[in-house]
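Convention: sequence-line order gives letters A, B, ...; per-chain numbering from 1.
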Protein chains: 2
Amino acid sequence: MENSVRWLTSEEQHAWRSFVRLHEKLGGRLSRLLQTESKVSAADFAVLVHLTDVPEGRQRYQDLARELEWEKSRMSHHIARMAGRGLVVREDCLEDARGAFVVITEAGRAAIEAAAPLHVEAVRSLFLDHVTPAELRTLGEISERVVAKLDEDPS
Amino acid sequence: MENSVRWLTSEEQHAWRSFVRLHEKLGGRLSRLLQTESKVSAADFAVLVHLTDVPEGRQRYQDLARELEWEKSRMSHHIARMAGRGLVVREDCLEDARGAFVVITEAGRAAIEAAAPLHVEAVRSLFLDHVTPAELRTLGEISERVVAKLDEDPS
DNA sequence: GAGTGATGATTGATACGTCAAGCAATCCGG
DNA sequence: CCGGATTGCTTGACGTATCAATCATCACTC
């Protein structure tokens with residue numbers, strides 16, 4: 001048993017546990033909602049959002065993986081499944097024969113347009129509606145700062 | 001296309017996306033750390049924490065599932081795997097022959113005592129160290145309030 | 001006290017994420 | 001150029017999460 005551990009005070013413990021519960025519950029609710037009400041999962045949604053943000057709806061696997069913070073193998077597996085459902089297609093890359101593009105299909109665009117209002121409404125009613133603008137600002141600042149720290153110091 | 005959707009303002013959008021990224025990154029880091037440095041996963045850790053909080057280290061499947069917000073089938077599968085690794089044992093319930101207890105073993109206690117300092121240190125260095133006490137208080141309040149709302153209104 | 005429904009847990013199918021290994025295509029130092 | 005290292009993606013195996021179906025037991029009612 002280490003004696004040098006900086007254990008949490010009870011305030012820290014309480015805040016941390018609440019925060020963890022929030023993540024579990026909110027994340028669970030949102031993805032369950034998307035899953036059951038639309039036909040895209042939270043992961044599908046994230047992919048489709050990025051593809052609609054980009055010219056022609058085409059992006060390299062690696063770029064997509066970097067933006068979503070996914071492993072490349074996860075991207076391969078997931079895109080293969082999405083392609084099977086017709087939401088995207090895989091396209092070979094001419095400039096670099098190793099590479100490949102993910103391209104959103106019409107069905108993909110239709111799926112995300114159908115899911116987006118639902119998702120926004122859920123984010124509002126499950127979260128934003130219960131948080132003041134000042135709190136939201138604080139939360140945004142904390143999130144950005146911590147994410148930056150995590151990026152600085154890779155595991 | 002619905003016209004009545006209350007789309008997010010750019011401030012809301014920014015804060016929300018940062019928050020989601022924090023969720024993804026911090027969760028990923030913590031569970032990866034636990035996984036590689038100790039021999040218990042984040043899920044194992046949560047189970048063991050609850051069992052050490054309770055008399056004799058025994059608790060019913062359903063109670064454990066409720067506290068962790070897990071599905072009962074997840075609990076069954078996971079406890080079966082943990083039992084296979086000797087961290088817990090399953091025990092029949094005398095009062096209700098349908099029910100069963102999960103009981104932490106000595107090996108389970110040893111595992112969590114080994115993992116706890118590491119976990120606390122990670123929570124500090126990856127998160128708490130980058131947040132002021134005031135921010136942490138705000139975060140705790142937000143979390144509690146939103147969790148309460150989510151509990152009120154079941155999906 | 002038999003029938004009906006609810007409860008506590010298990011099981012199997014399927015989907016998903018991660019890891020390590022693999023395979024091409026490309027880059028680059030000599 | 002040529003050979004080894006690197007890059008971009010794929011694959012297979014494994015552990016894990018979810019869903020629906022199942023089974024045994026219990027509770028309630030008539």
side-chain contact (heavy atoms from CB on, under 4.5 Å) against E12(A), all qualifying residues, sequence neighbours excluded
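Partners of E12(A) under the side-chain contact (heavy atoms from CB on, under 4.5 Å) test: L8(A), T9(A), R124(B), L128(B), L136(B).
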Among pairs that include at least one residue of residues 41-50 of chain A, which meet salt bridge (charged side-chain N to carboxylate O under 4.0 Å, His left out), considering only residues two or more places apart or in two chains?
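The answer is D44(A)-R85(A).
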Show every salt bridge (charged side-chain N to carboxylate O under 4.0 Å, His left out) that has at least one partner inside residues 130-139 of chain B, sequence neighbours left out.
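The answer is R145(A)-E135(B).
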Mind jotting down which residue pairs meet the ring pair (Phe, Tyr, Trp, His ring centres under 6.0 Å) criterion with at least one end in residues 51-80 of chain B? Sequence neighbours excluded, please.
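Checked against ring pair (Phe, Tyr, Trp, His ring centres under 6.0 Å) - neighbours excluded - the pairs reaching residues 51-80 of chain B are W70(B)-H78(B).
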Could you identify which residues of residues 37-56 of chain B place a heavy atom less than 4.0 Å from some atom of DNA chain C, listed by residue number, or say none?
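Contacts with DNA chain C under 4.0 Å: none.
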Are there any protein N/O atoms within less than 3.5 Å of an N/O atom in nucleotides 9-13 of chain D, and if so, which ones and at what distance?
from    : atom 1 : to      : atom 2 : distance (Å)
dC9(D)  : OP1    : R60(A)  : NE     : 3.2
dC9(D)  : OP1    : A100(A) : N      : 2.9
dC9(D)  : OP1    : A100(A) : O      : 3.1
dC9(D)  : OP2    : Q62(A)  : N      : 3.0
dC9(D)  : O3'    : R90(A)  : NH2    : 3.4
dC9(D)  : N4     : K72(A)  : NZ     : 2.5
dT10(D) : OP1    : R90(A)  : NE     : 2.5
dT10(D) : OP1    : R90(A)  : NH2    : 3.1
dT10(D) : OP2    : S76(A)  : OG     : 2.3
dG12(D) : O6     : H77(A)  : NE2    : 2.7

Any R81(B) side-chain N or O less than 4.0 Å from OP1/OP2 of dA17(D)
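Answer is yes, contact under 4.0 Å.
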OP1, OP2 of dA17(D) versus side-chain N and O of H78(B): anything below 4.0 Å?
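Indeed, a polar side-chain atom of H78(B) lies that close.
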Members other than L94(A) in its cluster, when Ile, Leu, Val, Met, Phe, Trp, Tyr link by side-chain heavy atoms under 4.5 Å?
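Result for L94(A) is none, singleton.
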Roughly what angle, to 10°, lies between the helix axis at the start of the helix from dG1(C)-dC30(D) to dG30(C)-dC1(D) and the one at its end, five pairs per end?
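End-to-end axis angle for the helix from dG1(C)-dC30(D) to dG30(C)-dC1(D): 10°, rounded to 10°.
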Taking salt bridge (Lys or Arg N to Asp or Glu O under 4.0 Å) as the definition, give me every residue that meets it alongside D53(A), ordered by chain and number, with sequence neighbours left out.
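For D53(A) there are no salt bridge (Lys or Arg N to Asp or Glu O under 4.0 Å) partners, ignoring immediate neighbours.
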Can you sort out the partners of E71(A) under salt bridge (Lys or Arg N to Asp or Glu O under 4.0 Å), two or more places apart, ordered by chain and number?
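Checked E71(A) against salt bridge (Lys or Arg N to Asp or Glu O under 4.0 Å); zero matches.
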Contacts of H50(A) that satisfy ring pair (Phe, Tyr, Trp, His ring centres under 6.0 Å) - sequence neighbours left out
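If we apply the ring pair (Phe, Tyr, Trp, His ring centres under 6.0 Å) test to H50(A), skipping adjacent residues, there are no hits.
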Steps toward side-chain contact (heavy atoms from CB on, under 4.5 Å) verdict (V49(A), R17(B)):
CA-CA 12 Å; V49(A) 164; R17(B) 302 267 299 221; 3.9 Å; yes
Whole angstrom is fine here: how far is it from CZ in R32(B) over to C1' in dT16(D)?
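Nearest whole value for this atom pair: 16 Å.
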Rounded to whole Å, please give me the gap between CH2 in W70(A) and P in dT18(C).
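Between P of dT18(C) and CH2 of W70(A): 10 Å.
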Donor-acceptor pairs under 3.5 Å, side chain of residues 95-111 of chain B to any protein atom, not counting sequence neighbours: which ones?
from    : atom 1 : to      : atom 2 : distance (Å)
D96(B)  : OD1    : R98(B)  : N      : 3.0
D96(B)  : OD1    : R98(B)  : NE     : 3.1
D96(B)  : OD2    : R98(B)  : NE     : 3.4
D96(B)  : OD2    : R98(B)  : NH2    : 2.8
T105(B) : OG1    : G86(B)  : O      : 2.7
T105(B) : OG1    : L87(B)  : O      : 3.0
T105(B) : OG1    : A107(B) : N      : 3.4
T105(B) : OG1    : G108(B) : N      : 3.0

